[in-house]
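Scope of the values below: all heavy atoms of this structure, side chains included, with no hydrogens, waters or symmetry mates. Residue numbers begin at 1 in each chain, while the letters A, B, ... track the order of the sequences.
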2 protein chains.
Amino acid sequence: MVRKTADKPEETPEQAGPLDRHLRDYAGYNIKRASNIMQSNAAKALDPYGLRITTFSALCVIVDNPDVTQSQLAAALNMERSNTVLIIDSLEEINLIGRFRVPTDRRSYALRATLAGIKRRDAAARALAKAEEERLVNLSPEERAQLADLLRRIDPLD
Amino acid sequence: MVRKTADKPEETPEQAGPLDRHLRDYAGYNIKRASNIMQSNAAKALDPYGLRITTFSALCVIVDNPDVTQSQLAAALNMERSNTVLIIDSLEEINLIGRFRVPTDRRSYALRATLAGIKRRDAAARALAKAEEERLVNLSPEERAQLADLLRRIDPLD
DNA sequence: ACTATTAGTTATGTTCTATAGCTATATTCG
DNA sequence: CGAATATAGCTATAGAACATAACTAATAGT
């Protein structure tokens, strides 16, 4: 491809500052950057336990809510029902949870964690808490609570 | 596949509350949920301008920093150099930016927005600001500033 | 000059997310 | 009751963001 040449390096940018200074005015930009960091951090922490972020999240909900259905799980995690299927499949394949038929509604499954699932969740949860801790050293407990509060006012949650 | 049946619906969960109550203790979980909302919101706002979030972000940086290189752009947006290539390609294809050879370093390109690129950025930026505004109605200006501050202490940025 | 580094590129793979359509079962309501 | 409608789970597929490895060309270091 033919490329033109920048004959003169032009004037230096009017106002100095970081290259992304304009973008930093967007809450979404700041949230996304922080999210990326927390996500890759979490993924690394969970990897030794054979869990991804989505499978860990699902496992967590199932451990804490025995007999939850896939639809309830999808709603709780704000994801599409179709996307829960493979997540549940992979948790079931490694015997961390089981699908059980519900006599009163044969369309749905009651999801239950196995003993191994509970143990795996507990261990992974501790590792994740520790990994987050390292990332949040700059925030006091009050600030962390405030961050959670501000974020929940963006995401109505319930 | 053979499925067992849940003979007894078991006891109701010990402590009540949302199904994801355990997960809400993780900053990463709260950030991710808020991030998903802001991202899909931003994507919808930018779509009419033919921009995705990543192309808009890149365009923004290029408009504000004429003659920035792809490596600088990648560093500013915290992304891999390899992933900037297709983003820059697509911005160039629709004539919003141009790649210009740098006489002093023939390895790199100086990226510059075209007039159309500047106009497109400005229009998209306004639409995005408006869309974010609607999502952040529950946060006062002070709270938005505080959120940005807290997030930047997670992401060291510079 | 020889080596190491940098800029851009290509190819590839994973993960997350979203949509449409399907089957089986439940529910609603005329 | 029976027909229409809704729900639960599943399949297939696609887009987008993100990451890694390996390559070429050009530059910088020694």
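Annotation: side chain of A:Leu150 is in contact with side chain of A:Arg153 (closest heavy-atom distance under 4.5 Å). Here the side chains of B:Leu19 and A:Leu73 are not in contact, with every heavy-atom distance at 4.5 Å or above. Considering only heavy atoms from C-beta on, A:Gln70 stays 4.5 Å or farther from A:Arg81 through its side chain. Between A:Thr69 and A:Leu111, every side-chain heavy-atom pair lies at or beyond the 4.5 Å cut-off.
In this structure, a donor-acceptor pair under 3.5 Å is absent between the side chains of B:Arg152 and A:Asn138. No side-chain N or O of B:Tyr29 forms a donor-acceptor pair with one of B:Arg24 less than 3.5 Å apart.
The C1' atoms of five pairs define one axis at each end of the helix from C:dA1-D:dT30 to C:dG30-D:dC1, and these two axes lie 30° apart (to 10°).
Regarding contacts with the backbone of C:dA7, every side-chain N or O of B:Thr69 stays at 4.0 angstrom or more from both OP1 and OP2. Between B:Ser71 and C:dT6 there is no side-chain polar atom (N or O) within less than 4.0 angstrom of OP1 or OP2. Phosphate contact (OP1/OP2 of C:dT17, side-chain N/O of B:Lys32, threshold under 4.0 Å): present. In terms of phosphate contacts, B:Arg99 brings no side-chain nitrogen or oxygen within less than 4.0 Å of OP1 or OP2 of C:dA7. For the OP1/OP2 pair of C:dC16 and a distance below 4.0 Å, the side-chain nitrogens and oxygens of B:Asn36 include no atom meeting the criterion.
Partners of A:Glu133 according to the side-chain hydrogen bond (donor to acceptor under 3.5 Å, both in side chains) rule, which considers only residues two or more places apart in sequence or in another chain, are A:Arg144. Partners of B:Glu142 by side-chain hydrogen bond (donor to acceptor under 3.5 Å, both in side chains), not counting sequence neighbours, listed by chain and number: B:Ser140. With sequence neighbours excluded, the residues that form a side-chain contact (heavy atoms from CB on, under 4.5 Å) with B:Arg107 are B:Asp105. Here B:Ser57 pairs with A:Leu23, B:Ile53, B:Leu77 under the side-chain contact (heavy atoms from CB on, under 4.5 Å) rule; sequence neighbours left out. Remark: A:Ala45 pairs with A:Leu128, A:Ala131 by the side-chain contact (heavy atoms from CB on, under 4.5 Å) rule, at least two apart or across chains. Taking the side-chain contact (heavy atoms from CB on, under 4.5 Å) definition, one finds that A:Asn83 meets it with A:Met79, A:Glu80, sequence neighbours left out. Under the salt bridge (charged side-chain N to carboxylate O under 4.0 Å, His left out) criterion, A:Asp47 pairs with no residue, sequence neighbours left out.
Nucleotide D:dC18 holds its P atom 12 Å from the CD1 atom of A:Ile37, rounded to whole Å. One atom, OH of B:Tyr109, and another, C1' of D:dA26, lie 12 Å apart when rounded to the nearest Å. Atom CG in B:Asp89 sits roughly 14 Å away from atom P in D:dA17 (whole-Å rounding). The distance between atom CG of B:Leu73 and atom C1' of C:dG8, rounded to the nearest whole Å, is 13 Å.
Residues from residues 74-88 of chain A placing a heavy atom under 4.0 Å of any atom in DNA chain D, listed by number, are A:Arg81, A:Ser82, A:Val85. Non-hydrogen atoms lying under 4.0 Å from DNA chain C are contributed by nothing in residues 39-53 of chain B.
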Every protein N/O lying under 3.5 Å from an N/O of nucleotides 27-30 of chain D:
from	atom 1	to	atom 2	distance (Å)
D:dT27	OP1	B:Arg106	N	2.9

Show me the donor-acceptor pairs, under 3.5 Å and distance only, between side chains in residues 115-126 of chain B and residues at least two apart or in other chains.
from	atom 1	to	atom 2	distance (Å)
B:Arg120	NH1	B:Tyr49	O	2.7
B:Arg121	NH1	A:His22	ND1	3.3
B:Arg121	NH1	B:Asp64	OD1	3.2
B:Arg121	NH1	B:Asp64	OD2	3.3
B:Arg121	NH2	B:Asp64	OD1	3.2

